[in-house]
Amino acid sequence: MKKVAIIGGGLGGLSAAITLQNAGFQVDVYEKNDHFGGKLMGVKLGDYHFDFGPNTITMPHVFNRVIEQTGERAGDYFEMMKLQDHTRNIFPDGSHYDFTSRMDRAVSQLEKLDPAGAERYPAFIREITSLYEKAEQHFFPRTFQSWTDYLSPSLAAAMMRVRPLQTLDAFFRQYFSDPRILNAYGRYATYIGSSPYRTPATFAMIAYLEMVEGVYYVKGGNVKIAEAYVSLAEKLGVKLHSGTEVKKVLLRGKKACGVELSSGEQIGADYVIMNADLLKAYPELVAEEDRPSFTDRKVARMEPSISAFVILAGVRKRFPQLRHHTVYFSRNYQQEFNDLFAHKHYSTDPTIYLSNSSYSDKDRSPKGDNLFILVNAPALPGSGKLQVDPSAYKELIYRKLAERGLDILPHIEVERVITPAEIADTFGAHRGALYGLSSNRVKDAFLRPGNASRDISGLYFTGGSTHPGGGSPMVTMSGMNVAKILMEKENHQTR
Ligand SMILES: Cc1cc2nc3c(=O)[nH]c(=O)nc-3n(C[C@H](O)[C@H](O)[C@H](O)COP(=O)(O)OP(=O)(O)OC[C@H]3O[C@@H](n4cnc5c(N)ncnc54)[C@H](O)[C@@H]3O)c2cc1C
């Protein structure tokens with residue numbers, strides 16, 4: 001039985017572990033934290049339960065597939081609920097636009113906000129559907145193991161079909177003209193930690209996921225996905241080691257042969273999969289001379305995705321103006337992205353996202369709303385020093401919300417602030433980035449680090465910094481993709 005050591009128990013690591021153990025490998029997962037699921041982390045403050053990481057779940061079939069490939073039923077592990085009118089976008093003039101996967105409802109709202117956009121909406125849906133289908137066919141299943149994968153003519157041809165040279169903002173302008181609607185759609189760039197004014201139009205496929213397939217929530221909290229993966233992994237025989245940090249990837253010549261734990265214990269393995277953030281863990285766990293294709297200089301040149309400044313607030317009140325997902329847009333959206341990416345500082349007039357899962361699931365916080373409040377933040381500078389005073393910035397966020405009629409402060413019962421520095425520290429995330437690399441440059445969007453080391457055989461990568469990209473469904477897919485490489489390899493060898 002071939003042994004696999006996985007470094008990190010995030011969604012990428014867990015989905016790889018389940019797939020491989022189910023295929024007959026013996027898998028050990030080493031996770032430095034006490035919980036599995038990585039950024040998909042449940043937080044309990046008093047009677048209030050929160051999901052820290054992914055609050056917006058799309059592509060439920062990806063999460064289900066991890067379970068169903070083993071012959072089990074996903075429905076026995078968690079219940080995915082489709083949210084109707086899933087996100088309320090509220091603009092500075094007080095108007096709002098509800099994102100919905102119902103075409104008639106979208107069009108009737110647009111008739112008042114952006115009448116030309118209402119007429120073009122069916123064409124818009126057709127185009128984003130086509131973008132998604134091309135990405136699904138050509139990019140999601142690829143694993144980019146060698147240079148030839150990057151240079152393949154079929155990839156080049158596929159790339160040209162997904163509008164890589166147009167920006168996301170320019171793409172949306174073909175269909176909509178009202179700045180409010182453009183900002184609402186442009187926000188999808190932040191789902192991959194990027195700017196709508198720079199990232200390729202390809203990512204309009206995110207609009208397809210939300211406008212056509214819909215947004216989901218897992219009853220009892222999205223963290224149920226991680227809990228389900230843990231219990232399935234254990235059932236299959238995966239050995240899960242929490243509170244166990246890996247300090248080194250062991251090499252024999254140019255081949256990975258195991259891991260060394262922080263306790264000094266050395267564990268042999270036929271394959272090593274790194275789910276820990278590649279940009280941080282690879283340089284830390286492998287000496288630079290052993291990775292000439294991935295030098296420290298190269299990492300320093302990569303642009304990290306945005307990070308987040310998060311407040312978890314349990315309040316003794318139900319705010320009627322909030323939906324499951326609500327976004328309060330700032331006055332100058334473009335300025336915010338200049339602040340984040342060009343000046344690398346915190347916006348003084350930020351767009352504020354709130355997730356209130358108790359809107360759909362009262363049991364999450366029986367006494368009032370469980371507010372996950374997120375503002376986009378720049379990645380940490382190289383020094384790792386936070387560029388803002390957390391308590392002053394928290395107050396600014398509360399003040400901005402109060403100005404828009406959402407006065408949270410007097411009703412708070414429990415509260416916790418999570419800064420980019422804490423994200424970096426807790427999850428080993430390079431510069432606190434949520435999604436690994438940004439996708440602002442065409443190269444970073446399409447040619448992310450591949451899923452296999454170019455310098456060390458037997459060493460593979462999964463997770464947000466690798467292909468196909470950040471976001472919980474993508475990293476779950478990357479875990480399964482990496483598992484398939486190993487499965488194919490072993491079949492070849494035993495044949
Ligand atoms: C605030 C926030 C909001 C988000 N919102 C959304 C959203 O709405 N929708 C969405 O789809 N995605 C969202 N994401 C992104 C999503 O959470 C991530 O893309 C995904 O969970 C990352 O999974 P991963 O497996 O790549 O890595 P991680 O979850 O980062 O897992 C990597 C694991 O490796 C462990 N590790 C690191 N170094 C070591 C070591 N040396 N030894 C052992 N273990 C180690 C870490 O502790 C961690 O548990 C959000 C993320 C954050 C932080």
Side-chain angles (χ1 to χ4, degrees), residues 5-17 28-41 43 50-60 62-63 86-87 188 190-193 206 209-210 215-217 222-223 225-226 229 241-249 259-262 272-282 284-286 305-312 325 353 355 357 372-377 418-420 422-430 432-436 461-466 468-479 482:
I6 300 185
I7 307 167
L11 287 172
L14 290 173
S15 67
D28 283 75
V29 182
Y30 301 95
E31 167 55 56
K32 76 179 182 66
N33 291 332
D34 290 336
H35 76 276
F36 286 91
K39 299 185 187 94
L40 177 49
M41 173 177 79
V43 177
F50 304 84
D51 285 320
F52 170 66
N55 276 272
T56 301
I57 294 291
T58 53
M59 305 175 84
V62 172
F63 301 104
H86 48 80
T87 307
Y188 284 136
T190 66
Y191 284 31
I192 44 161
I206 302 172
L209 293 173
E210 292 211 351
V215 169
Y216 289 77
Y217 165 73
N222 293 334
V223 70
I225 299 174
Y229 288 178
H241 310 268
S242 59
T244 307
E245 185 170 3
V246 173
K247 276 289 179 214
K248 204 195 259 179
V249 174
V259 293
E260 182 176 310
L261 308 181
S262 53
V272 175
I273 299 178
M274 197 179 276
N275 172 224
D277 188 347
L278 172 75
L279 303 185
K280 182 163 176 349
Y282 197 15
E284 282 182 4
L285 305 188
V286 175
S305 83
I306 48 176
S307 187
F309 185 96
V310 175
I311 309 169
L312 304 177
H325 302 288
Y353 162 80
S355 174
S357 63
F372 166 96
I373 307 169
L374 179 148
V375 165
N376 295 322
I418 300 174
T419 66
E422 199 176 335
I423 293 172
D425 198 41
T426 307
F427 307 107
H430 176 66
L434 302 192
Y435 307 97
F461 307 122
T462 174
S465 291
T466 69
S472 56
M474 293 294 150
V475 305
T476 304
M477 234 185 263
S478 86
V482 163

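All values below come from the heavy atoms of this structure, side chains included, with hydrogens, waters and symmetry mates left out. Counting starts at 1 for both ligands and their atoms, in listed order.
- Atom NE2 of residue H430 and atom OG of residue S307 lie 11.5 Å apart, to the nearest 0.5 angstrom.
- At the shortest separation from atom 51 (C) of ligand 1 among protein heavy atoms lies G53 CA, 4.1 Å.
- Atoms CG and CG, on L285 and L278 in that order, are 10.5 Å from each other to the nearest 0.5 Å.
- A donor-acceptor pair under 3.5 Å links the side-chain atoms of Y229 to the main chain of F63, judged by distance alone.
- If you check each of H241, K32, K280, E31 against atom 35 (C) of ligand 1, the one with the closest non-hydrogen atom is E31.
- Side-chain atoms of D277 come within 3.5 Å of backbone N or O of L279 as a donor-acceptor pair.
- Short contacts between ligand 1 and G463, defined as distances under 4.0 Å to a heavy atom of the residue, involve ligand atoms 26 (O).
- Checking only distances, G13 never comes within under 3.5 Å of ligand 1, N or O to N or O.
- Side-chain N or O atoms of K32 include none that pairs as donor or acceptor with a backbone N or O of I7 at under 3.5 Å.
- S262 does not count as a contact of ligand 1, since none of its heavy atoms falls under 4.0 Å from the ligand.
- Checked by atom type, the side-chain pair N55/H325 shows no donor-acceptor distance below 3.5 Å.
- With hydrogens and angles disregarded, no donor-acceptor distance shorter than 3.5 Å links the side chain of T476 to the backbone of V62.
- Scanning all protein heavy atoms for the shortest distance to atom 34 (O) of ligand 1 gives G8 CA, 3.3 Å.
- Contact annotation: T244 has at least one heavy atom less than 4.0 Å from an atom of ligand 1.
- Residue V475 touches ligand 1 through its side chain alone, judged by heavy-atom distances below 4.0 Å.
- Contact annotation for Y435 and ligand 1: only side-chain heavy atoms (C-beta onward) come within less than 4.0 Å of the ligand.
- Between N55 and ligand 1, an N or O atom pair is found at a separation short of 3.5 Å.
- Considering only non-hydrogen atoms, atom 42 (N) of ligand 1 lies nearest to V246 out of I418, D51, V246.
- For atom 36 (N) of ligand 1, the nearest non-hydrogen atom of the protein is A276 CB, 3.8 Å.
- Between atom 16 (C) of ligand 1 and the options G37, P54, A308, the minimum heavy-atom separation is to P54.
- In terms of the side chain to side chain contact (heavy atoms under 4.5 Å, CB included) criterion, residue partners of T462 (sequence neighbours excluded) are, by chain and number, I273, N275, S478, V482.
- At a heavy-atom distance under 4.0 Å, no atom of D277 approaches ligand 1.
- Residues Y282 and F461 place their aromatic rings such that the two centres sit under 6.0 Å apart.
- Heavy-atom proximity to atom 32 (C) of ligand 1, evaluated over N275, L14, V29, is greatest for N275.
- Every atom of ligand 1 with a heavy atom of G10 under 4.0 Å away is listed here by number and element: 25 (O), 29 (O), 31 (O), 33 (C).
- Considering backbone and side-chain atoms alike, G12 places an N or O below 3.5 Å from some N or O of ligand 1.
- Residue contact annotation: F52 has a non-hydrogen atom under 4.0 Å from ligand 1.
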Requested in this report: Go through the steps to decide whether M41 and N33 satisfy the test side-chain contact (heavy atoms from CB on, under 4.5 Å), and finish with yes or no.
Outcome: CA-CA 11 Å; M41 173 177 79; N33 291 332; over 6 Å; no

